[in-house]
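Accompanying notes for the structure given below.
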Protein chains: 4
Amino acid sequence: MDKIKDQIDLSDPKNKRQHILDAAYIVFSRKGFHRATVDEIIKLADTGKGTVYNYFINKENLFYTLIEERSAPFRHHISNIKKDNIPPLEKIRLMTREFLSFYDKHADLWRVFMHEVRCFGEVGYPGFSEEQQKKCRRNFEEPLETLEAVIKEGIEQGLLIVASSKQAAYGLLSAILAIVFQKLIGDEFDQTAENIARVFLFGIANK
Amino acid sequence: MDKIKDQIDLSDPKNKRQHILDAAYIVFSRKGFHRATVDEIIKLADTGKGTVYNYFINKENLFYTLIEERSAPFRHHISNIKKDNIPPLEKIRLMTREFLSFYDKHADLWRVFMHEVRCFGEVGYPGFSEEQQKKCRRNFEEPLETLEAVIKEGIEQGLLIVASSKQAAYGLLSAILAIVFQKLIGDEFDQTAENIARVFLFGIANK
Amino acid sequence: MDKIKDQIDLSDPKNKRQHILDAAYIVFSRKGFHRATVDEIIKLADTGKGTVYNYFINKENLFYTLIEERSAPFRHHISNIKKDNIPPLEKIRLMTREFLSFYDKHADLWRVFMHEVRCFGEVGYPGFSEEQQKKCRRNFEEPLETLEAVIKEGIEQGLLIVASSKQAAYGLLSAILAIVFQKLIGDEFDQTAENIARVFLFGIANK
Amino acid sequence: MDKIKDQIDLSDPKNKRQHILDAAYIVFSRKGFHRATVDEIIKLADTGKGTVYNYFINKENLFYTLIEERSAPFRHHISNIKKDNIPPLEKIRLMTREFLSFYDKHADLWRVFMHEVRCFGEVGYPGFSEEQQKKCRRNFEEPLETLEAVIKEGIEQGLLIVASSKQAAYGLLSAILAIVFQKLIGDEFDQTAENIARVFLFGIANK
DNA sequence: CATGAATGAGGATTCATTCAT
DNA sequence: CATGAATGAATCCTCATTCAT
């Protein structure tokens, strides 16, 4: 337990909010949304229960904020790669790296997120407006759409052959996700990223 | 609501156990494990609360039993394809079809299953021994290992080029899962299965 | 504390619902709505916390149900007096007795009720629809309107002189309420009822 | 909301204490004691949370102080009328006016006060001594006793016929209260005051 | 004095599970 | 076996109050 606490820098007496978010990251990742309790989070964040509710409307909102905070830089990166002046296939390679890196780092939280996002905004979730719900979904939809757009680029330039750019994007993404979620990456990160992109682009059949 | 009840055949006054399982299938698929309540299940199964606990140790056990029951025939099919006397690439094609078919049919339940399976058997779950937990995981590990074995066959016969057969299997599986979970299949099931297998085998780059 | 428990007949093992209502009556009357806790109610009712929520949607609903249950017979009596074939002044006399008797018996609960009813149905009260709210208000509005109608009868028959029948009804009612709430009745109930009706009808000035 | 804020003169940067009292008046009147939150009060008073506790021991004390402040001038007026050298019936008439005027102005706050005063000073209320509690009750007891004294005067002078001067005083007061609380006054304030006093003195029966 | 971030005791509510019938 | 009333542990959330700045 003390080992876990060390993962959160409590040396800074200010910024309780960040401590809570960091603690929530750990607990939500481990337990999932429902099994995670506010009590466990505050114990880890070394703070009072009320403090959580000073910063976040409720448990949902805490989770949602966490997702937003963690995915913001990633979404930025993906968006930038698309704007780069490089060939589509190279973009796909880079994006694969980026997706792999992000999902590897946040594998556990993201697994929880992708499971819970479907139920958010259902009846009985105050402080979670229709709009926030949509914004929440954008966290995984947007990067995917960007990837799809790049695949479309490749198709238009005659570089890729595929029936549905959407299916292709989902396929690539989920290959990454599956690898990550099963924790197969280990130390050969570069190799794995390369493999995924290569299989996706050229297949595994020996021609 | 009555429409839903029609999905369960209540004409047979005996076999309460099956009614409960069928109702549980619907509720767990819709709500996920935690948001599903025993109350909702028994209302749908048109039975009493105590009856559930006559047949199943607890909520986890009900869920677990449900998973076992639904995946048994699928595991059989996959196992049979492997034993077939046909080329590995053809086996991969057939397996892709089978995976796609099964996961499409049980997409919602399986999503829930794959999320919850990680926490099952944690401390505080009576009636869920270490062994049962392992058996539970076999429901998605076994078919995957069979697929991996076939990919290995292909590699050994020089038909496939891929660094890690395990990664390849996960990649193919997850491509299927992602497509299914995002409900992109629509009516062109055959086409989709073909596309996935083709991209996996030959890539999307235009060579 | 044990003395209080004796006020509730626990000899009947059935009818938990009534035990809860009886306990709620005592606690709400003593503490008011907000200071009353479900914990205290169940301790008095000698039941489990969940049992309360089997019978009542929430604390508000428990309170509301209590009010309904207690005022039903009273509303009936008042309604019957109006229909009686006796002179209006006699009806007023009888109604005064009835009001006095009812409000004396339920003085504490009614004080709480009349204070809380204004806030019921505000935002954040699930299980308390607009309609239920209105129905709730009827518990004190209806008997009052009946009294007003009788006063009107008296006016029409030239027996009473008063500017506003509504004001008159409120005046008589509240004279009763005030007396009761201040617990001035003591043992001379009959005398008190007579006094109130007489002052109301003939004034206190010595002509 | 801004409209409400305008009701409090914030132009004076000093005198935070009064701002808080004014804000408390509004919030307590609207929400009652329990539903009123310190947060809402300070938002309206445009001050910090700690400031409230610089001036008042706790929420109860803030409420109590508010009551004291508002009733002081009223109690003074009533006391003066009694000392006036005019006939008892005229005093009753004037007092009726005064009561009506005061309770009309502070109807909402007083309703809350009269409901809460019963629980004040119960166990667990620090900073609220037995003595303060008594002093608090004097705010409605004293004017009433003065009215009662005047009625006694009238009885002694053979002007009034009534069994209990206390009951009579309560009756008159509560008639006023009821009318006010139900907001029936409207614009005809003078007329209403006159009506109440007349009915009380001479009754409504047509002799 | 003024402030507001931090706190935690207290309370309402949910829901899996039991057990007497 | 079937049932469902009864249960209470577990959990989220509120809000008065404190105290360091």
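Both backbone and side-chain heavy atoms feed into the values below; hydrogens, waters and symmetry mates do not. Chain naming here is simple, since letters A, B, ... match the order of the sequence lines and numbering starts at 1 in each.
Applying the 4.0 Å criterion to OP1 and OP2 of E:dA6, one finds that A:Y55 has a side-chain N or O inside that range. Contact check, A:T47 against E:dT7: a side-chain N or O comes under 4.0 Å of OP1 or OP2. Using a 4.0 Å cut-off, no side-chain N or O of A:K16 falls inside it from OP1 or OP2 of E:dA6. Phosphate contact (OP1/OP2 of E:dG11, side-chain N/O of C:T37, threshold under 4.0 Å): absent.
Judged by distance alone, with hydrogens and angles left aside, the side-chain atoms of D:K59 form a donor-acceptor pair with the main-chain N or O of D:F33 at under 3.5 Å. Listed for the D:D22 side chain is no donor-acceptor partner under 3.5 Å among the backbone atoms of D:H19.
Taking the side-chain contact (heavy atoms from CB on, under 4.5 Å) definition, one finds that D:D39 meets it with D:T37, D:I42, D:K49, sequence neighbours left out.
Atom P of nucleotide F:dC12 and atom CZ of A:F33 are separated by 8 Å, given to the nearest angstrom. For the pair D:K59 NZ and F:dT18 C1', the interatomic distance rounds to 17 Å; values are reported in whole Å. What separates OH of B:Y64 from P of E:dA16 is a distance of 21 Å, to the nearest Å. D:I42 has its CD1 atom 9 Å from the P atom of E:dT3, to the nearest Å. Taking atom OH of C:Y53 as the reference point, atom P of F:dA5 lies 19 Å away to the nearest angstrom. Here the P atom of nucleotide F:dT18 and the CG atom of A:N54 are 17 Å apart, to the nearest Å. Put simply, CG on C:L62 is 10 Å from P on E:dT13, counting in whole angstrom units. A:N58 places its CG atom 16 Å from the C1' atom of E:dT14, with the value rounded to the nearest Å.
A parallel orientation is assigned to the rings of D:H115 and C:H115, their planes being inclined by less than 30° (bins at 30° and 60°). In this pair, D:F113 and D:F63 present their aromatic rings tilted. The plane angle is within the 30 to 60° band.
Exactly one of A:N61, A:I67, A:L66 qualifies for a side chain to side chain contact (heavy atoms under 4.5 Å, CB included) with A:Y64. That residue is A:N61.
Applying the 3.5 Å distance criterion, the base of F:dT17 shares a donor-acceptor pair with the side chain of D:K49.
Residues A:T51 and D:V52 each lie close to DNA chain E; by heavy-atom proximity, the contact nearer the 5' end of the strand is made by D:V52.
Stem list for DNA chain F (at least 3 consecutive Watson-Crick or G-U pairs, distances under 3.5 Å): E:2-21 with F:2-21.
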